[in-house]
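All of these numbers come straight from a predicted model, not from anything done at the bench.
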Amino acid sequence: MSFTRTLRAVGGAVVAGALLLGTAPVASADQIRNEQWPLQKFDAESIWKISTGKGVTVAVLDTPVDGSHPDLTGSVLPGKNFGTGSGPANQGTGDDADHGTAMASLIAGHGHGAGGADGVKGLAPDAKILPVAIPGVSDKSGQEIDFAQELRYAVDQGAKVVNMSFVTGQLSAITPEEQQAIDYARKHDVLLVAGSGNDGISTPAIPAAAPGVLAVGAVDDHGEVWKKSNFGPHVKLTAPGVNIRSATPVVDIHGKYRLADGTSDSTAYVSAAAALLRAKFPDLSAGQIANRLIKTASLPADQQGMTLPDQHYGYGSINPLSALTKDIPAGSKDGPFPAVGGGSSGPSSDPSNAAGDDNGNLKIQSHKGLSTPFIILIAVVVLVLLVIVLIVVMVAKKKGRNGPPPGGPGGFGGPGGPGGPGGFMPNQQPPYQQQPGAPGSYPQGPPTQPPGR
């Protein structure tokens, strides 16, 4: 997934033409389906009974896509090839379309053969792919890459999720146009998902570390973070990214499939999960969709109890079935992201302003002073109460001198009565129990690395 402004991954030596992160021969299409371990891990069959991503467009900012691949036919819109300046991006062939085709298949592949049982199936098989080819992806000349124009195009074409499985350089090098494009997408309620990078370093990279982007790391089939997955405080989620089967237009004796490792693949799975949620919960904002993914994320057994977000795991690995079915309050429209613009935390995500409610969601605490009229009202109420108490005391003393009132001691409303100790309000509900991967509201203070990191 590594093309950069100099067509290299941050700190890496792989040029953009080497986006394929690893290949291995496969024997048959049905074997390919069997080897798609993330679908088994996610319990995809149960997921597809609830949502298939139908009606949601996912933009893939990448190389062109081979829309004629048997596992993608009918699922890829024309899009636009910014590399050529015109023309569609769904007619890619050969190595030039390898990476984009792979990402598209993980998101919206539908397989082929009887009942679509063979080949690659994406996590959101009924979503539509909008391919947006970025200039320089397959060009080894070393030209710089700017995704601002391509991102705006994707937003204007109605994409609700944008998959950015690439790295273009260090965060410090982001251009004003690129950040403005990110803000433009967020203002149009588009969820941006990007891979952290494949060099095993902590350097924050574009676009994953940019404010407003959901940064994703990679884990293996045991849920353990991949050793080459870039890390840092910007990482919010992880997803399967090791030994991933996907489609490719490259034909050899093994067919049109590949095996790869990388945060590119994990990013595609998060984008697909977001498409499932956007289809199921169309009224939720992009930030609230991210919130559901975070609140239902999980950690491997040996990492339970760590402070979250962790620099390698973020809030944990996605659990799409739980995200679709758990009762999770929507929360702030910005979710885990800062307010749009400026790159600094706004009221919805500033830890100095936030506290967790009974459901572990952020709520805003007001720091404003009391108004003058309200202070006067309080003073008047207190004065009246004091006068009433004084009158009651005086009356009680007078009665005390005249003897106790007739009748013995008694009363009601003692312990166990309505409102008394141990009682409960009629509408009171037990607090929502969060998933292990999200033990508290976010942010949760400075992230820590897992043991042994």
(message) Could you walk me through whether D189 and S285 satisfy the side chain to side chain donor-acceptor pair (under 3.5 Å) test, starting with their C-alpha distance in whole Å, then the side-chain angles of each, then the deciding distance to 0.1 Å, before giving a yes or no?
(response) CA-CA 6 Å; D189 193 35; S285 69; 4.8 Å; no
(request) Find the distance between CD1 (I107) and CG (N163) and round it off to the nearest 0.5 Å. (result) 4.0 Å
(request) Answer yes or no: is there a side-chain heavy-atom contact under 4.5 Å between E150 and K80? (result) no
(message) To the nearest 0.5 Å, what is the distance between CG on D156 and NE2 on H188?
(response) 6.5 Å
(request) May I ask you to decide whether D118 forms a salt bridge with R33, counting only side-chain N to carboxylate O separations under 4.0 Å? (result) no
(request) Could you tell me the separation between the CZ atom of R258 and the OG atom of S105, rounded to the nearest 0.5 Å? (result) 8.0 Å
(message) Side chains of D95 and V250, heavy atoms from C-beta outward: is any pair under 4.5 Å?
(response) yes
(message) Which residue in the set T203, N230, V216 passes side chain to side chain contact (heavy atoms under 4.5 Å, CB included) when paired with S196?
(response) N230
(request) State, to 0.1 Å, how close V65 and P131 come at their nearest heavy-atom pair, and which atoms those are. (result) CG2-CB, 3.8 Å
(request) Please name the pair of heavy atoms, one in A209 and one in P204, separated by the smallest distance, quoted to 0.1 Å. (result) CB-CB, 3.6 Å
(request) Give a yes-or-no answer on whether the side chains of T263 and N198 include a donor-acceptor pair shorter than 3.5 Å. (result) yes
(message) Can you give me the closest heavy-atom contact between G53 and L276, atom names plus distance?
(response) N-CD2, 3.7 Å
(message) Using only atom types and a distance under 3.5 Å, with no angle test, would you say the side chain of K128 pairs donor to acceptor with the backbone of G74?
(response) yes
(message) Please determine whether side chain to side chain contact (heavy atoms under 4.5 Å, CB included) holds for the pair M164 and D62, giving the CA-CA distance in whole Å, both sets of side-chain angles, and the decisive distance to 0.1 Å.
(response) CA-CA 7 Å; M164 298 185 287; D62 212 296; over 6 Å; no
(request) Drop me the distance from E224's CD to S229's OG, to the nearest 0.5 angstrom. (result) 12.5 Å
(request) Please examine the side chains of K256 and H69, heavy atoms only from C-beta on, and report whether any two atoms are closer than 4.5 Å. (result) yes
(message) Just verifying a value: how many Å separate T175 OG1 and I206 CD1, rounded to the nearest 0.5 Å?
(response) 7.5 Å
(message) Rounded to the nearest 0.5 Å, what separates atom OG in S68 from atom CG in N90?
(response) 9.0 Å
(request) Output yes when a side-chain donor or acceptor of T63 lies under 3.5 Å from a complementary backbone atom of G100, and no otherwise. (result) yes
(message) Contact between F337 and L214 at the side-chain level, heavy atoms closer than 4.5 Å - yes or no?
(response) yes
(message) Using every non-hydrogen atom in the two residues, find where F42 and I318 come nearest and quote the distance to one decimal.
(response) CE2-O, 3.7 Å
(message) Between W37 (side chain only) and R245 (backbone N and O only), is there a donor and an acceptor less than 3.5 Å apart?
(response) no
(message) Tell me whether W48 contacts the main-chain N or O of L123 through its side chain, where contact means a donor paired with an acceptor under 3.5 Å.
(response) yes
(message) So does V213 get a backbone contact from the side chain of R186, meaning a donor-acceptor N/O pair under 3.5 Å?
(response) no
(request) Please report the closest heavy-atom contact between N81 and A133, naming both atoms and the distance. (result) OD1-CB, 3.4 Å
(message) Could you tell me if the side chain of F82 sits less than 4.5 Å from the side chain of L61, heavy atoms only?
(response) no
(message) Determine whether a donor-acceptor pair (N or O, by modelled atom type, separation under 3.5 Å) exists between the side chain of S266 and the backbone of G241.
(response) no
(message) With heavy-atom distances below 4.5 Å as the criterion, would you say the side chains of H222 and P300 are in contact?
(response) no
(request) Look only at the side chain of S271 and the backbone of T267, and say whether a donor-acceptor pair between them is shorter than 3.5 Å. (result) yes
(request) Report yes if some heavy atom in the side chain of Q157 is under 4.5 Å from a heavy atom in the side chain of T57; otherwise report no. (result) no
(message) Parallel, tilted or perpendicular, judged at 30° and 60°: which one describes the rings of H112 and Y257?
(response) parallel
(message) Using the rule given for side chain to side chain contact (heavy atoms under 4.5 Å, CB included), can you reason through D221 versus V242, listing the C-alpha separation, both sets of side-chain angles and the distance that settles it, and then say yes or no?
(response) CA-CA 7 Å; D221 58 349; V242 179; over 6 Å; no
(request) Provide the closest heavy-atom pair for D334 versus A339 in the form atom of the first, atom of the second, distance. (result) OD2-CA, 4.0 Å
(request) Report the relative orientation of the aromatic rings in F231 and H312; use parallel for angles under 30°, tilted for 30 to 60°, perpendicular for over 60°. (result) parallel
(request) Please assess H110 against T73 for the test side chain to side chain contact (heavy atoms under 4.5 Å, CB included), listing each intermediate value before the final yes or no. (result) CA-CA 8 Å; H110 50 60; T73 54; 3.6 Å; yes
(message) So L277 and L324, do their side chains get closer than 4.5 Å, heavy atoms only?
(response) yes
(request) Verify side chain to side chain contact (heavy atoms under 4.5 Å, CB included) between V161 and I289, making sure each step is shown before the conclusion. (result) CA-CA 10 Å; V161 180; I289 293 295; over 6 Å; no
(message) Taking P64's backbone N and O only, do any of them form a donor-acceptor pair with Q91's side chain (distance below 3.5 Å, no angle check)?
(response) no
(request) Check each of L39, I32, D71, L106 against K121 using the side chain to side chain contact (heavy atoms under 4.5 Å, CB included) test, and report the only one that passes. (result) L39
(request) Check for a donor-acceptor pair, side chain of Q304 on one end and backbone N or O of L299 on the other, with a separation under 3.5 Å. (result) yes
